[in-house]
Amino acid sequence: MENKIVDKVSRSFSLELPARETLDDYLDLVLPEVRQWGEDLNEKEHYVSKGGKPWQEIRDDEGFHEAVLHFFNDGGEYLESVDGNISKGRWRLLDGSNKMILERGNRSELYELAFLSSAFFILKKHGNNRGKNKYFVMGYEPYMRGLEWRDYVELLFNTYRSQQTTYKTLAIVLLILLTIIILFSIF
C-alpha cells in the first residue's frame, strides 16, 4: 500500500514530453506552456551584448550540418556566421510590440517573439506560416553546443517541468501543514 502511494506521488512529478515528429510540432506543443516564464524583446540584456552573444541556430532538417551562429549587437547590428563565414545585416524592434525586423541581404523579415530567456531565443515568422520552419529557433551557443534539436526541445520543456514540480511540491507542503494544523486543533 505504501509503495503505491509513493509511486503515485512520483508519477505526478514526472511530466513526460509527448512525442512529435518535427521541431515545429514540438514547439507548438511546448511554447504555450513555457511562454509565461519568458522575457520580452525590449529586455535586450537577454539577447544583445557588446561582445556579441552567440545564438546557435537549431533546425530539424536532415541536411542541416552547418554551424550557424547569430549575433544581435548593440546599435542594431546583426551578424550571421555560417561555418565561420560572416554576413552582416540589421535588426530592429517595432515600438510597443514584441516584433522584430531582421534585414539580411536584400530581404527583410518580420518576426514575433515566441520565447526568450538567457538560454532560448525563438522567433515566429509573422503571417500564416503553416508549412515547415515557421519558427526561427536559437539557443545560447555554450549551452547548446553538440545538442540535437530533440535535446533542445527537452531542455525547453524542462522550464515547464521544473515550474510544475515546484507548484506540486508547494501544494503538498501546504496540504501537510494544513493537515497538521487541523490535527492539532482537534486534539
Side-chain angles (χ1 to χ4, degrees), residues 14-44 46-49 52-73 78-87 89 91-94 97-105 107-165:
S14 67
L15 300 167
E16 293 300 317
L17 180 61
R20 296 293 185 264
E21 292 297 317
T22 68
L23 180 57
D24 283 354
D25 290 343
Y26 271 116
L27 292 175
D28 287 340
L29 177 73
V30 172
L31 287 172
E33 303 300 333
V34 299
R35 188 169 287 124
Q36 63 187 333
W37 294 291
E39 309 299 339
D40 291 328
L41 283 175
N42 62 3
E43 297 174 85
K44 296 176 187 171
H46 294 285
Y47 63 98
V48 176
S49 71
K53 187 172 183 177
W55 290 98
Q56 179 180 326
E57 187 169 338
I58 307 292
R59 291 191 216 161
D60 61 355
D61 299 336
E62 294 275 332
F64 179 67
H65 301 291
E66 296 86 9
V68 180
L69 295 177
H70 302 272
F71 300 87
F72 299 85
N73 295 329
Y78 168 74
L79 301 174
E80 179 181 48
S81 170
V82 179
D83 290 332
N85 299 313
I86 304 290
S87 300
W91 68 270
R92 67 184 169 102
L93 302 181
L94 295 178
S97 71
N98 255 330
K99 293 180 175 49
M100 174 186 279
I101 295 175
L102 275 182
E103 299 170 359
R104 302 185 263 189
R107 70 176 202 254
S108 295
E109 296 173 300
L110 178 61
Y111 291 94
E112 298 175 37
L113 179 65
F115 186 76
L116 172 63
S117 71
S118 60
F120 302 98
F121 193 6
I122 305 170
L123 299 169
K124 182 179 179 188
K125 184 101 178 248
H126 184 73
N128 293 328
N129 295 301
R130 300 186 200 287
K132 194 169 169 63
N133 299 326
K134 66 181 170 181
Y135 295 103
F136 180 20
V137 182
M138 299 168 282
Y140 183 47
E141 190 223 6
Y143 298 156
M144 303 301 156
R145 194 176 296 130
L147 295 181
E148 296 294 323
W149 66 270
R150 282 186 170 91
D151 300 323
Y152 176 92
V153 173
E154 190 72 35
L155 284 173
L156 180 61
F157 188 67
N158 282 344
T159 302
Y160 170 70
R161 188 180 288 139
S162 66
Q163 292 296 329
Q164 292 304 310
T165 300

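- Applying the ring-ring contact (aromatic ring centres under 6.0 Å, His included) test to Tyr143 and every residue at least two apart in sequence or in another chain returns Tyr140.
- No donor-acceptor pair closer than 3.5 Å links the side chain of Trp55 to the backbone N or O of Val137.
- Remark: the backbone N or O of Asp40 is paired with a side-chain donor or acceptor of Glu43 at under 3.5 angstrom.
- Looking at residues two or more places apart in sequence or on another chain, you find no salt bridge (charged side-chain N to carboxylate O under 4.0 Å, His left out) involving Lys44.
- Annotation: side-chain contact (heavy atoms from CB on, under 4.5 Å) contacts of Asp151 (sequence neighbours excluded): Leu147, Glu148.
- Not counting sequence neighbours, Arg35 has no partner by the salt bridge (charged side-chain N to carboxylate O under 4.0 Å, His left out) test.
- Taking the side chain as every heavy atom from C-beta outward, Glu154 and Tyr152 never approach each other to under 4.5 Å.
- Taking CG from Leu41 and CG from Leu113, the interatomic distance works out to 4.5 Å, rounded to the nearest 0.5 Å.
- In terms of the salt bridge (charged side-chain N to carboxylate O under 4.0 Å, His left out) criterion, residue partners of Glu80 (sequence neighbours excluded) are, by chain and number, Arg104.
- At distances below 3.5 Å, not a single donor-acceptor pair connects side-chain atoms of Asp60 with backbone N or O atoms of Thr22.
- For the side-chain hydrogen bond (donor to acceptor under 3.5 Å, both in side chains) test, no residue two or more places apart in sequence or in another chain qualifies with Glu103.
- With rounding to the nearest 0.5 Å, the separation of CG in Leu69 from CG in Asp83 is 9.5 Å.
- Residues passing the side-chain hydrogen bond (donor to acceptor under 3.5 Å, both in side chains) test with Arg145 are Glu141, sequence neighbours excluded.
- Shown here are the side-chain hydrogen bond (donor to acceptor under 3.5 Å, both in side chains) partners of Glu57, two or more places apart in sequence or in another chain: Arg59, His70.
- Residues passing the side-chain hydrogen bond (donor to acceptor under 3.5 Å, both in side chains) test with His46: none are found, sequence neighbours excluded.
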Which pairs would a plain distance check flag for residues 116-125, meaning a side-chain donor or acceptor within less than 3.5 Å of a matching protein atom at least two apart in sequence or in another chain?
from	atom 1	to	atom 2	distance (Å)
Ser117	OG	Ala119	N	3.2
Ser117	OG	Phe120	N	3.1
Lys125	NZ	Glu109	OE2	3.0

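- Between Phe72 and Tyr78, the ring planes are tilted. Angles from 30° to 60° get that label.
- Closest non-hydrogen pair, Lys53 versus Tyr47, comes out as CB-O, 4.0 Å.
- Taking the ring-ring contact (aromatic ring centres under 6.0 Å, His included) definition, one finds that Tyr111 meets it with Phe136, sequence neighbours left out.
- Contact between Ile58 and Gly139 at its shortest, heavy atoms only, is CG1-N, 4.4 Å.
- The side-chain heavy atoms of Lys134 and Leu27, taken from C-beta on, include no pair separated by under 4.5 Å.
- Taking 4.5 Å as the limit, some side-chain heavy atom of Trp149 sits within range of a side-chain heavy atom of Tyr26.
- By the 4.5 Å heavy-atom criterion applied to side chains, Leu156 and Leu31 are counted as neighbours.
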key: side-chain contact (heavy atoms from CB on, under 4.5 Å) between Glu66 and Phe64, intermediate numbers included   = CA-CA 6 Å; Glu66 296 86 9; Phe64 179 67; 3.3 Å; yes
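- With sequence neighbours left out, the salt bridge (charged side-chain N to carboxylate O under 4.0 Å, His left out) criterion links Asp25 to no other residue.
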